[in-house]
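In this chain, numbering begins with 1 at the start of the sequence shown. The figures that follow rest on heavy atoms only: side chains count, while hydrogens, waters and symmetry mates do not.
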Amino acid sequence: MPASTDVAARLAAVADRSTARITTRGRKSGKPHSVTIWFLVEGATLYLGTLDTRRDWVRNAANTPDVTLDVDGLRVRGKARSITDPALEAHVRELLARKYWMAWIGSWFGMGPARTFRVDEVEIT
């Protein structure tokens, strides 16, 4: 089984979970910093979104994109990169509104994430 197929299968098993623990490196301290966030799975791709770009994990990931996500015991490592393509960002907003009812309600009022990320170079650890 190709690595990308295995990653997709492993991610599919946890795609319906509501939250993940993300660990980033502190931009000042260099120490691990973990918080609970929403996440999305589409095939072998992980997406993240935030309403608040001032959150530490967002600023940490912008400084050092290496992240680890723990979803129901599955540990995934990758590089979180801001999405700048408007079409992909709109797609991620739609995925968020489908998965999370609060995001769906927000979308009715024209609200959505202030920043979205795609996690590249995903590997299961």
Side-chain angles (χ1 to χ4, degrees):
M1 175 180 297
S4 63
T5 304
D6 183 48
V7 168
R10 303 277 303 273
L11 290 175
V14 297
D16 64 341
R17 303 301 190 277
S18 59
T19 60
R21 276 303 272 169
I22 188 171
T23 302
T24 58
R25 286 269 162 212
R27 61 198 176 285
K28 295 178 184 173
S29 70
K31 294 180 182 175
H33 175 74
S34 299
V35 295
T36 301
I37 63 168
W38 286 354
F39 74 102
L40 301 162
V41 172
E42 188 175 53
T45 304
L46 280 164
Y47 296 110
L48 314 173
T50 185
L51 292 173
D52 186 355
T53 59
R54 296 169 301 174
R55 292 187 67 186
D56 279 334
W57 79 263
V58 174
R59 296 186 298 166
N60 290 346
N63 189 58
T64 304
D66 298 316
V67 299
T68 303
L69 291 133
D70 186 344
V71 185
D72 200 30
L74 178 70
R75 288 184 58 88
V76 179
R77 192 171 46 219
K79 295 192 181 297
R81 295 193 169 88
S82 286
I83 295 172
T84 56
D85 174 50
L88 182 56
E89 186 174 31
H91 178 66
V92 172
R93 287 173 179 259
E94 181 182 318
L95 293 174
L96 278 165
R98 274 196 240 150
K99 183 174 181 182
Y100 298 101
W101 68 269
M102 287 179 22
W104 178 75
I105 290 171
S107 71
W108 276 79
F109 294 100
M111 298 169 58
R115 184 178 292 171
T116 55
F117 295 86
R118 183 178 67 211
V119 181
D120 296 318
E121 301 173 35
V122 172
E123 53 182 67
I124 309 294
T125 61

For [X] and [Y], work out which heavy atoms get closest and say how close.
{"X": "R115", "Y": "A62", "answer": "NH1-CB, 4.2 Å"}
{"X": "T36", "Y": "R55", "answer": "O-NH2, 3.7 Å"}
{"X": "V67", "Y": "A80", "answer": "CG1-CB, 4.0 Å"}
{"X": "T23", "Y": "P32", "answer": "CG2-CB, 3.8 Å"}
{"X": "A44", "Y": "A8", "answer": "N-CB, 3.9 Å"}

Side chains of [X] and [Y] in contact at under 4.5 Å (non-hydrogen atoms):
{"X": "V92", "Y": "L40", "value": "yes"}
{"X": "I124", "Y": "L74", "value": "yes"}
{"X": "V76", "Y": "L11", "value": "yes"}
{"X": "T50", "Y": "W57", "value": "yes"}

* Quick one: sort the Y47 and H91 rings into parallel, tilted or perpendicular, breaks at 30° and 60°. => perpendicular
If I take atom [atom1] from residue [X] and atom [atom2] from residue [Y], how far apart are they, to the nearest 0.5 angstrom?
{"X": "L88", "Y": "R93", "atom1": "CG", "atom2": "CZ", "result": "11.5 Å"}
{"X": "R59", "Y": "K28", "atom1": "CZ", "atom2": "NZ", "result": "7.0 Å"}
{"X": "W38", "Y": "L51", "atom1": "CH2", "atom2": "CG", "result": "7.0 Å"}
{"X": "D56", "Y": "N63", "atom1": "CG", "atom2": "CG", "result": "11.5 Å"}

* Using the salt bridge (charged side-chain N to carboxylate O under 4.0 Å, His left out) rule, pick out the option among R10, R77, R75 that qualifies with E123. => R77
* Please identify each residue that fulfils side chain to side chain donor-acceptor pair (under 3.5 Å) with T24, with sequence neighbours left out. => N60
Quick check against the 3.5 Å criterion: does [X] have a side-chain atom that pairs as donor or acceptor with the backbone of [Y]?
{"X": "Y100", "Y": "F39", "result": "yes"}
{"X": "R25", "Y": "D66", "result": "no"}
{"X": "K99", "Y": "S18", "result": "no"}

* Asked: Could you walk me through whether I22 and T68 pass the side chain to side chain contact (heavy atoms under 4.5 Å, CB included) check?
  -> CA-CA 6 Å; I22 188 171; T68 303; over 6 Å; no
* Passes side chain to side chain contact (heavy atoms under 4.5 Å, CB included), L48 versus L69? Steps please. -> CA-CA 11 Å; L48 314 173; L69 291 133; 4.1 Å; yes
* For the pair R81 and E121, find out whether any cationic side-chain nitrogen is under 4.0 Å from an anionic carboxylate oxygen. => yes
